[in-house]
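Computed from a predicted structure; not experimentally measured.
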Amino acid sequence: MPDAFRRDDRDVHPPLDSPPYKSTALRHPKQPLVYLPHTITEVTGPALGPARVGELDHDLTRQHAGEPLGERITISGRLLDGDGRPIRDALVEVWQPNAAGRYRHRWDRWPAPIDPNFSGAGRCLTDTEGRYSFVTVKPGPYPWGNHPNAWRPAHIHFSLLGTAFAQRLVTQMYFPGDPLFPYDPIFNSVRDPDVRERLISSFSIESSRESWALAYVWDIVLRGRDETPMEAGP
Amino acid sequence: MSAPLTPSQTVGPYLALGLPWEDGPYAAAAGAPGAIRISGRVLDGSGDPIPDALVETWQSSPEIGVGFRAFARCPSDDDGRWFVFTLRPGPVPGPAGTTQAPHLDVSVFARGMLHRVVTRIYFADEADANATDPVLASVPPDRRETLLARLGNDGHRFDIRIQGLDETVFFDV
Ligand SMILES: [Fe+2]
């Protein structure tokens, strides 16, 4: 049986009760969490494989008859574990609004244009070095109802299954230098400013492709295996 | 070499754009012999349905084979309802030579939740196995009920109460 995973430091993830983000009020447990040992259920996970991913799923600019409007960009990086080891053949799923900041969703009613050539969802599998890559357009910032004049900094939602239930993570990737960072209670829900910085991608001139697209690079790190013997061995 | 962990962020209200799969709720193919349906609602601290949640289940089983994904994913509907279709899990090893009762691990994501919450589904009709399960034993006795799926007309019923009266037990994984 595989090893257990290292437990996260307390300050890595945002607290579920985070008053500046108002919707957390009725959506956080008030009872203490119960410690769950890492048994076989937690240290294993689904192997989904290439059948989950269509040929153009990684390219959000080629899913319709025409190209979407906006700034064409690439997002790429590596999926690693806490020991810096690549996580291979793992599913990476993304979703985002269009260049005007509008999601193609029935609940998104803010009057920015819908782009008929942009759905805003993508997926890919990491390669043997843990690399993933997407082609898309840069998402726009958008308003939301959390507080007066509330705007989300531009971001792309990421979902990672890793290799085990214990590694599951959903997060958001931001863009460098966004002027909305100081005002966003979701970004700032990660309390340690150094940890928060890990959510921001870097611009890369080396990875940008001449006369085609600017490149942003972002590595994602999931938990590593515990070096100590299995805490829950059979 | 150690690498710094990436923090969690909320799945937001528009998870339905990127996460649901057409076959998502079907860990076992529809019509698979012996398959069971588990369903319920996701409710907030006011007892109102959470219509923008995602429920994922994972189960480990020695009999995992072709055609059984063991993983299911279902977005909640406008009434907070979700379901999965799967094979009934068997007992699996637990810590220190114990045996765990049949269970599924569950992740719940939603707008307003900055990190997933994790719970487990056990089966009310496995009383003997549940009585010796090491994880259930670590849960305060008056809260264990919240982890039991109950068989009804529509398969096994398991509601997830994020907060408030009869709050579901959530785990630190
Ligand atoms: Fe968003």
Side-chain angles (χ1 to χ4, degrees), chain A residues 8 12-16 18 21 23-31 33-37 39-42 44-46 80-84 93-95 103-105 107-108 119-121 157 159 165-166 168-172 186 189-190 195-196 198-199 220-224 231-234, chain B residues 1-19 21 44-46 48 50 52 56 58-60 69-71 92-97 100 103-105 107 109-118 120 134-135 138-139 143 162-164 167-173:
Chain A
D8 301 332
V12 169
H13 300 296
L16 283 161
S18 196
Y21 176 19
S23 320
T24 65
L26 292 170
R27 295 185 172 194
H28 71 272
K30 292 196 167 175
Q31 300 293 326
L33 301 183
V34 175
Y35 182 88
L36 187 65
T39 76
I40 188 161
T41 318
E42 290 71 39
T44 53
L80 304 168
D81 74 11
D83 297 307
E93 295 168 288
V94 297
W95 67 103
Y103 283 95
R104 200 156 174 169
H105 190 288
W107 291 342
D108 190 355
S119 301
H157 296 265
S159 168
F165 181 84
R168 181 82 178 97
L169 184 75
V170 170
T171 187
Q172 301 180 24
I186 294 180
S189 67
V190 178
V195 177
R196 208 181 294 149
R198 298 174 196 164
L199 295 171
I220 305 161
V221 183
L222 308 179
R223 291 166 163 187
E231 65 184 275
Chain B
M1 186 195 80
S2 85
L5 298 187
T6 303
S8 171
Q9 294 272 269
T10 180
V11 76
Y14 305 124
L15 65 93
L17 284 180
L19 290 178
W21 305 332
D44 73 10
S46 298
D48 290 327
I50 297 185
D52 43 15
E56 289 180 348
W58 167 247
Q59 60 199 95
S60 182
R69 196 172 62 209
F71 176 79
V92 291
Q100 301 189 77
H103 65 272
L104 297 88
D105 271 9
S107 301
F109 303 88
R111 174 179 68 83
M113 289 170 46
L114 288 157
H115 197 198
R116 69 170 169 172
V117 290
V118 168
R120 272 186 171 193
V135 172
S138 71
V139 172
R143 300 192 64 214
I162 299 296
Q163 184 191 86
E167 183 175 305
T168 301
V169 168
F170 295 106
F171 292 99
D172 173 6
V173 67

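Remark: Thr168(B) pairs with no residue by the side-chain hydrogen bond (donor to acceptor under 3.5 Å, both in side chains) rule, at least two apart or across chains. Take His115(B) and apply the side-chain contact (heavy atoms from CB on, under 4.5 Å) test, not counting sequence neighbours, and it matches His13(A), Leu16(A), Ser8(B).
Using modelled atom types, one side-chain atom of Tyr21(A) and one backbone atom of Gly112(B) make a donor-acceptor pair closer than 3.5 Å. Of the possible polar contacts, one joining the Glu167(B) side chain to the Gln31(A) backbone as a donor-acceptor pair under 3.5 Å is found. Between the side chain of Trp58(B) and the backbone N or O of Thr44(A), at least one donor-acceptor pair lies under 3.5 Å. Formation of a donor-acceptor pair under 3.5 Å by the Arg27(A) side chain with backbone atoms of Ala110(B) is not found in this model. Gln163(B) contributes a side-chain N or O that, together with a main-chain N or O of His28(A), makes up a donor-acceptor pair within less than 3.5 Å. Checked by atom type and distance alone, the side chain of Glu42(A) never pairs as donor or acceptor with a backbone atom of Asp105(B) at under 3.5 Å. One N or O on the side chain of Trp95(A) and one on the backbone of Tyr14(B) form a donor-acceptor pair closer than 3.5 Å. Between the side chain of Thr171(A) and the main chain of Pro7(B), a donor-acceptor pair closer than 3.5 Å is present.
A cation-pi arrangement is present between Arg116(B) and Phe165(A), with the terminal nitrogen or guanidinium carbon under 6.0 Å from the aromatic centre and inside a 45° cone about the axis.
The part of Leu222(A) that comes within reach of chain B is its backbone (N, CA, C, O), which places non-hydrogen atoms under 4.5 angstrom from that chain. Proximity to chain B involves both the backbone and the side chain of Asp108(A), based on heavy atoms less than 4.5 angstrom apart.
Residues Gln9(B) and Leu199(A) meet the side-chain proximity criterion, which asks for heavy atoms closer than 4.5 Å. Counting heavy atoms from C-beta outward, Leu36(A) and Asp172(B) have side chains that stay 4.5 Å or more apart.
Using modelled atom types and a 3.5 Å distance limit, the side chains of Arg111(B) and Ser23(A) yield a donor-acceptor pair. Looking at Gln100(B) and Thr39(A), their side chains do bring a donor and an acceptor atom within 3.5 Å of each other.
Taking all atoms of both residues into account, the shortest heavy-atom contact from His157(A) to Thr10(B) is ND1-O, 3.9 Å.
The choice from Ala16(B), Pro134(B), Ser107(B) that makes the most heavy-atom pairs within less than 4.5 Å of chain A is Ser107(B).
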